[in-house]
Amino acid sequence: MLQATIEQSLIFAIMVLGVYISFRILNFPDMTVDGTFPLGAAISAKLLTLGVNPYLTLIVTLVAGAVAGAITGLIHVKLKVKDLLAGILVMTALYSVNLRVMKKSNIPLFEEDNIFNTEYSMMITIVVLILISKFILDYLLKTKFGFALKALGDNENLIVSLGLNEEKYKIYGLMIANAFVAFSGAVLAQYQGFADVGMGTGIIVIGLASIIIGDTLFGKRRKSAGTTIVIIGSILYRGVIALTLSMGMDASDLKLITSVIVIVILWIQKQKDKRRRK
């Protein structure tokens with residue numbers, strides 16, 4: 001159970017990295033992720049049933065997630081739709097898109113080849129994937145482009161004063177964020193052996209819960225990279241979920257458990273802020 005919990009937490013951590021980009025770096029409440037997560041799973045599953053190489057399906061999901069993020073960005077910056085509403089609109093549309101891709105609500109993959117059918121254990125494969133994702137994002141955030149993204153989230157007027165196109169950077173950031181989320185959905189589908197159209201429900205809450213846990217416990221330690229903090233937060237979140245389930249809670253109570261965890265962590269953070277101000 002411990003190994004399975006860690007494996008799942010690391011897969012979800014890839015998704016959390018995407019949510020970290022949109023919510024923490026861009027300061028953009030992007031609800032699109034609830035649609036791009038199952039989008040990645042749906043595309044990967046469908047391609048696997050057609051005999052496509054499992055690793056190639058992951059690349060395709062990256063592109064699909066980026067396209068979904070770009071659509072959200074375009075709706076926001078070109079049509080001047082509020083950021084939250086733009087994400088909700090694309091998330092809603094993606095539900096139908098996912099059904100179109102899958103042709104049904106669920107695709108079993110137990111007889112299909114996947115990235116875990118190797119001589120290496122599942123844990124090694126997952127660790128490699130999360131490390132690659134983390135190093136790519138860390139490198140990106142250290143470039144001029146990454147610094148511009150951070151500045152955009154902190155002060156949009158600063159980007160404008162530097163002569164940069166803030167609209168393009170916002171779209172690019174959403175593309176990267178949703179590419180990570182779709183990639184995570186594809187990996188999870190291959191890991192658990194099926195893709196379901198409803199597997200994206202509540203993904204945004206899981207991502208936020210992981211980020212909040214990481215920030216609350218380790219956010220003030222400046223030596224820790226933001227990506228490392230959110231990965232640890234994802235592991236701790238899944239650990240708490242596994243612990244509560246082992247204590248007799250039903251799987252149907254997961255959403256309730258998640259909400260309670262977020263509320264408790266937010267309360268703890270508020271108390272810390274109060275003491276710090278005093």
Query raised in the report: Do the side chains of Glu166 and Tyr169 get nearer than 4.5 Å, heavy atoms only?
Result: no
Requested in this report: To the nearest 0.5 angstrom, please state how far the OG1 atom of Thr125 sits from the CD atom of Glu119.
Outcome: 10.0 Å
Query raised in the report: Has Tyr191 got more than 12 heavy atoms of other residues, nucleotides or ligands less than 6.0 Å from its OH?
Result: yes
**Report entry** Full working for side-chain contact (heavy atoms from CB on, under 4.5 Å) between Glu167 and Lys78
**Finding:** CA-CA 8 Å; Glu167 294 184 350; Lys78 298 300 182 183; 3.5 Å; yes
Query - same_hphob_cluster(Ile176, Val90) at 4.5 Å side-chain heavy-atom cutoff - result: no
Query raised in the report: How far does CG of Asn165 sit from NZ of Lys170, to the nearest 0.5 angstrom?
Result: 11.0 Å
Query raised in the report: Does the side chain of Phe135 come within less than 4.5 Å of Thr227's, by heavy atoms?
Result: no
Report task. Check the pair Leu84, Met31 against side-chain contact (heavy atoms from CB on, under 4.5 Å), reporting the backbone distance first and the verdict last. Result -> CA-CA 7 Å; Leu84 184 62; Met31 295 296 295; 3.5 Å; yes
**Report entry** Approximate separation, where rounding is to 0.5 Å, of Ile241 CD1 and Ser9 OG
**Finding:** 12.0 Å
Query raised in the report: So, do Thr72 and Phe28 sit near enough that their side-chain heavy atoms are less than 4.5 Å apart?
Result: yes
Query - Validation row: Phe12, Phe37 side chains within 4.5 angstrom (heavy atoms) - result: yes
Query raised in the report: So, does Asn114 use its side chain to make a donor-acceptor pair with the main chain of Asn117 at under 3.5 Å?
Result: yes
Query raised in the report: Between Ser234 and Val230, is there a donor-acceptor pair closer than 3.5 Å when you use the side chain of the first and the backbone of the second?
Result: no
Report task. For a side chain to side chain contact (heavy atoms under 4.5 Å, CB included) with Leu158, tell me which candidate from Leu162, Asp154, Val160 qualifies. Result -> Leu162
Query raised in the report: Does the pair Glu156/Lys150 count as a salt bridge with the N-to-O cut at 4.0 Å?
Result: no
Query raised in the report: Is a side-chain N or O of Thr36 found less than 3.5 angstrom from the main chain of Leu39, in a donor-acceptor match?
Result: no
Report task. Group every Ile, Leu, Val, Met, Phe, Trp and Tyr by side-chain heavy-atom contacts under 4.5 Å, then state whether Tyr237 and Leu2 land in the same group. Result -> yes
Report summary line: Partner of Met199 under side chain to side chain contact (heavy atoms under 4.5 Å, CB included), picked from Leu188, Asn98, Asp34, is Leu188
Query raised in the report: Looking at Asp215 and Arg24, does any basic side-chain N land under 4.0 Å from a carboxylate oxygen?
Result: yes
Query raised in the report: Measuring from Thr216:OG1 to Leu236:CG, what's the distance to the nearest 0.5 Å?
Result: 11.0 Å
Query raised in the report: Ser44 side chain to Gly40 main-chain N or O, any donor-acceptor pair under 3.5 Å?
Result: no
Query raised in the report: Any side-chain heavy atom of Ser133 sitting closer than 4.5 Å to one from Ile14?
Result: yes
Query raised in the report: Quick one: does His76's side chain have a donor or acceptor within less than 3.5 Å of a partner on Val81's backbone?
Result: yes
Query - Steps toward side-chain contact (heavy atoms from CB on, under 4.5 Å) verdict (Ile6, Gln3) - result: CA-CA 5 Å; Ile6 295 176; Gln3 180 177 342; 5.9 Å; no
Report summary line: Taken to the nearest 0.5 Å, the spacing of Ile126 CD1 from Glu7 CD works out to 4.5 Å
Query raised in the report: Are side-chain N/O atoms of Asn178 and Thr32 paired as donor and acceptor at under 3.5 Å?
Result: no
Requested in this report: Report yes if the distance between the aromatic ring centroids of Phe194 and Phe110 is under 6.0 Å, otherwise no.
Outcome: no
**Report entry** Within-4.5 Å side-chain heavy-atom neighbours: Val187 and Leu129
**Finding:** yes
**Report entry** For Ile43 against Ala64, the heavy-atom pair lying closest together
**Finding:** CD1-CB, 3.3 Å
Query - Main-chain N/O of Leu243 paired with Ser246 side-chain donor or acceptor, under 3.5 Å - result: yes
Query raised in the report: Under 3.5 Å, is there a donor-acceptor pair between the side chain of Thr49 and the main chain of Lys46?
Result: yes
Query raised in the report: Do the non-hydrogen side-chain atoms of Tyr120 and Val128 ever get within less than 4.5 Å of each other?
Result: no
**Report entry** Between CG on residue Leu56 and CD1 on residue Ile115, distance to nearest 0.5 Å
**Finding:** 12.5 Å
Requested in this report: With side-chain contact (heavy atoms from CB on, under 4.5 Å) as the test, would you mind laying out the steps for Ile231 and Val16 before giving the verdict?
Outcome: CA-CA 7 Å; Ile231 291 173; Val16 179; over 6 Å; no
**Report entry** Sub-4.5 Å side-chain heavy-atom contact between Gln271 and Arg275
**Finding:** yes
Report summary line: Looking only at heavy atoms, the pair that brings Ala86 and Ile75 closest together is CB-CG2, 3.9 Å
Query - Under 3.5 Å donor-acceptor, Ser184 side chain and Ile11 backbone - result: yes
